[in-house]
Amino acid sequence: MGHAGRSVRGTLIRSGGYRTGMNVPDSKDRSESDLVAARRAKLERWRADLGIDPWGSRVDGLVSLLEARSRFDEAAADAVDADPPPAEDPRPCATVAGRIVQHRAMGKLCFMVLRDESGDLQVSCSKADLDAASFKLASKVDYGDIVVASGPVGRTKRGEICIWADRFEVHCKSLAPPPEKYHGLTDAEQRYRRRYVDMYTTPETMETFHRRCEIVSATRRFMERHGFIEVETPMMQSVAGGAAARPFTTHHNALDIDLYLRIAPELYLKRLLVGGMRKVFEINRNFRNEGIDRRHNPEFTMMEAYQAFGDCESVLELTESLLRELAGGVLPYGELEIDYAKPFDRVTHADLFERTHGCVMTDETAVRSLAAAKGLKDAATRNHWLLVEALFGEAEDAIDPARPTWVTDFPAALSPLTRPHADDPTLAWRAELFIGGMELGNFYTELNDPDIQRARFTDQLAGINDEEAAFRSLDNDFLEALLVGMPPAGGFGLGIDRVVMLMTNQTSIRDVILFPLLRPEGVE
RNA sequence: GAUCGCGUAGCUCAGUCGGUAGAGCAACCGCCUUUUAAGCGGUAGGUCCUGGGUUCGAGUCCCAGCGCGAUCACCA
């Protein structure tokens with residue numbers, strides 16, 4: 001399409017709709033409710049009768065509602081109430097902005113509660129203190145409008161701390177009907193789909209996401225304090241390596257190649273160790289094309305870190321101390337009380353397996369008959385260690401969810417990127433952390449022997465089906481890097497969303513992700 | 001993918017045994033200078049998720065579908 005054609009069309013659209021200033025295009029066609037129509041009409045009345053621009057402008061000198069409240073001065077408030085009152089108002093002033101979450105107009109006086117990120121504060125408007133237009137506006141504003149008010153910080157007869165407005169302006173007219181002012185949005189679907197409404201009507205939501213920001217920030221500071229540097233590695237990869245999960249596929253047009261959204265950054269972070277970085281970490285999104293439930297979102301945030309000349313034990317200790325610092329003691333999680341101060345429990349994979357199933361995981365015959373008894377498919381023919389893995393899910397459930405627990409010494413066959421024990425090559429230097437019934441992450445002494453690594457990849461590729469083969473191919477460049485030489489290292493991946501769940505007592509991952517994935521609705 | 005639950009006004013929710021679609025808040029009109037989910041009087045507001053079926057009659061019962069939630073399964 002040519003430029004001329006586009007610009008002609010653009011002109012037509014503009015002159016036809018916006019310039020007339022009347023009800024913006026097809027407000028009726030969109031079957032907007034009467035409630036929206038009422039708000040549009042009010043907006044036009046404000047423009048016509050009060051000469052007000054309801055879309056606002058820059059405001060300098062704003063303070064948060066919390067800051068304004070903190071300026072309240074009891075003595076000054078008492079002085080104003082005295083008879084006679086002082087010649088000069090001794091109360092400190094403030095200019096604030098916020099969204100209206102309550103509004104009570106009573107003739108020549110009106111009260112409203114403003115909300116911002118810091119909290120709520122009442123603004124009181126007396127007809128005597130404001131010019132006629134501002135008072136009219138103050139008594140007619142709607143739940144959801146964004147307003148600016150200034151005046152002395154005082155209190156009402158009932159003792160409510162408030163701003164007695166001598167300036168009142170609307171800086172954004174909310175046209176959408178707000179939720180019920182007391183219950184807010186309670187429907188989970190609506191809370192996720194219209195998060196912007198949930199955030200201002202449900203203070204707990206705002207608190208949770210502020211807390212998430214603090215946790216991520218504290219985690220970064222912790223890692224930097226321990227000498228790690230933060231890096232960014234590719235999200236689009238031509239080989240989706242570093243974990244076992246189905247990836248999302250995309251395509252680069254100019255290169256005409258398919259790419260995968262990463263399922264893990266591991267193989268790139270290890271290349272950085274080869275290049276000479278000693279301690280690196282990355283906090284960013286991974287994408288896995290798997291199911292969605294209370295603990296899984298297709299895109300989720302992971303911290304991965306690698307420490308040259310460390311090992312599984314050193315990164316495990318590092319993480320335990322990070323979580324201890326973030327939690328600061330005992331935290332509730334659902335029905336549980338989780339103590340992060342005490343040293344975390346430890347159990348070996350083999351012991352946990354035996355304790356749960358009453359048989360030794362290395363006993364192939366016993367494992368096969370157990371698998372058959374549990375009704376697992378291909379119990380007689382499937383790889384012995386894959387059966388062990390399938391049976392391990394039940395063992396995970398046997399871990400006390402109230403006790404942070406390390407499961408150590410995973411089977412080497414299930415840990416292709418991990419260094420095996422020197423004295424028992426069936427075991428690997430790999431641990432997983434479980435808290436609150438969730439897997440929080442994986443911890444390794446990294447495999448840096450290029451020959452064993454190539455053999456592991458090759459073994460792995462031998463046993464896969466066509467679908468897996470489509471995205472799981474040998475990352476030759478990574479093997480080249482190991483030939484150049486990667487120092488011995490400890491490394492780990494920690495699920496940040498799940499850490500946030502534990503720290504904020506949210507039992508659904510959707511409540512710690514601002515915009516969790518839902519099936520799209522109303523997309524045109 | 002399986003099972004169970006939910007879907008009624010903008011929001012929060014009632015709706016009995018199958019018999020004219022309800023309340024509160026919000027909105028609109030009016031009153032009100034100390035409210036705290038303000039109060040009082042009045043007005044308006046419905047694709048009962050969608051499509052079939054049973055029935056004289058369906059928000060209600062049955063079937064299918066859609067969306068969401070929970071549990072399970074899957075998820076080196």
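To find a chain, count down the sequence lines: A is the first, B the second, and so on, and within it residues start at 1. Side chains included, hydrogens not; waters and symmetry mates left out as well; all remaining heavy atoms used.
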For nucleotides 40-50 of chain B, which of its nitrogen or oxygen atoms have a protein nitrogen or oxygen under 3.5 Å away, and what is each distance?
none

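- Judged purely by distance below 3.5 Å, without hydrogens or angles, the side chains of A:Glu446 and A:Thr418 never pair a donor atom with an acceptor atom.
- Comparing B:G46 with B:A9, their P atoms sit 11 Å apart, to the nearest whole Å.
- Projected onto RNA chain B by closest heavy-atom contact, A:Arg295 and A:Arg288 fall at different nucleotides, the more 5' of which corresponds to A:Arg295.
- Here A:Arg158 lies in heavy-atom contact (under 4.0 Å) with a base.
- Partners of A:Asp397 under the side chain to side chain donor-acceptor pair (under 3.5 Å) rule, at least two apart in sequence or in another chain, do not exist in this structure.
- A:Asn297 and A:Arg510 share no donor-acceptor pair across their side chains, judged by distance under 3.5 Å alone.
- The nearest whole Å value for the distance from the OH atom in A:Tyr143 to the C1' atom in B:A37 is 10 Å.
- In terms of the ring pair (Phe, Tyr, Trp, His ring centres under 6.0 Å) criterion, residue partners of A:Trp429 (sequence neighbours excluded) are, by chain and number, A:His421.
- Evaluation of atom-type donor-acceptor distances gives a pair under 3.5 Å for the side chain of A:Thr156 against the base of B:U36.
- Between B:U16 and B:A26, the distance separating the two C1' atoms is 29 Å to the nearest Å.
- If you check B:U33 for Watson-Crick or wobble pairing at under 3.5 angstrom, you find it has no partner at all.
- Residues from residues 129-141 of chain A lying near RNA chain B, meaning a heavy-atom separation below 4.0 Å, are absent.
- Applying the Watson-Crick and G-U wobble criteria (two distances, each under 3.5 Å), B:A64 pairs with B:U50.
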After noting the C-alpha distance and the side-chain angles of A:Gln506 and A:Ser508, does the key distance pass the side-chain hydrogen bond (donor to acceptor under 3.5 Å, both in side chains) rule? CA-CA 6 Å; A:Gln506 297 294 333; A:Ser508 170; over 6 Å; no
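- Residue side chain A:Gln102 does not reach the base of B:U36 through any donor-acceptor N/O pair under 3.5 Å, judged by distance alone.
- B:C61 and B:U55 are spaced 10 Å apart, taking the C1' atom of each and rounding to whole Å.
- Using Watson-Crick or G-U wobble geometry with both donor-acceptor distances under 3.5 Å, B:A70 finds its partner in B:U3.
- No donor-acceptor contact under 3.5 Å links the side chain of A:His183 to the base of B:C11.
- Ring geometry for A:Phe248 against A:Phe287 counts as perpendicular: the plane angle is over 60°, on a 0 to 90° scale with 30° as the lower cut.
- By the ring pair (Phe, Tyr, Trp, His ring centres under 6.0 Å) test, A:Phe135 is found to be paired with no residue, residues two or more places apart in sequence or in another chain being considered.
- For A:Asp145, the side chain to side chain donor-acceptor pair (under 3.5 Å) partners are A:Lys173, not counting sequence neighbours.
- Contact annotation: A:Arg104 side-chain N/O to B:G39 OP1/OP2 distance is not under 4.0 Å.
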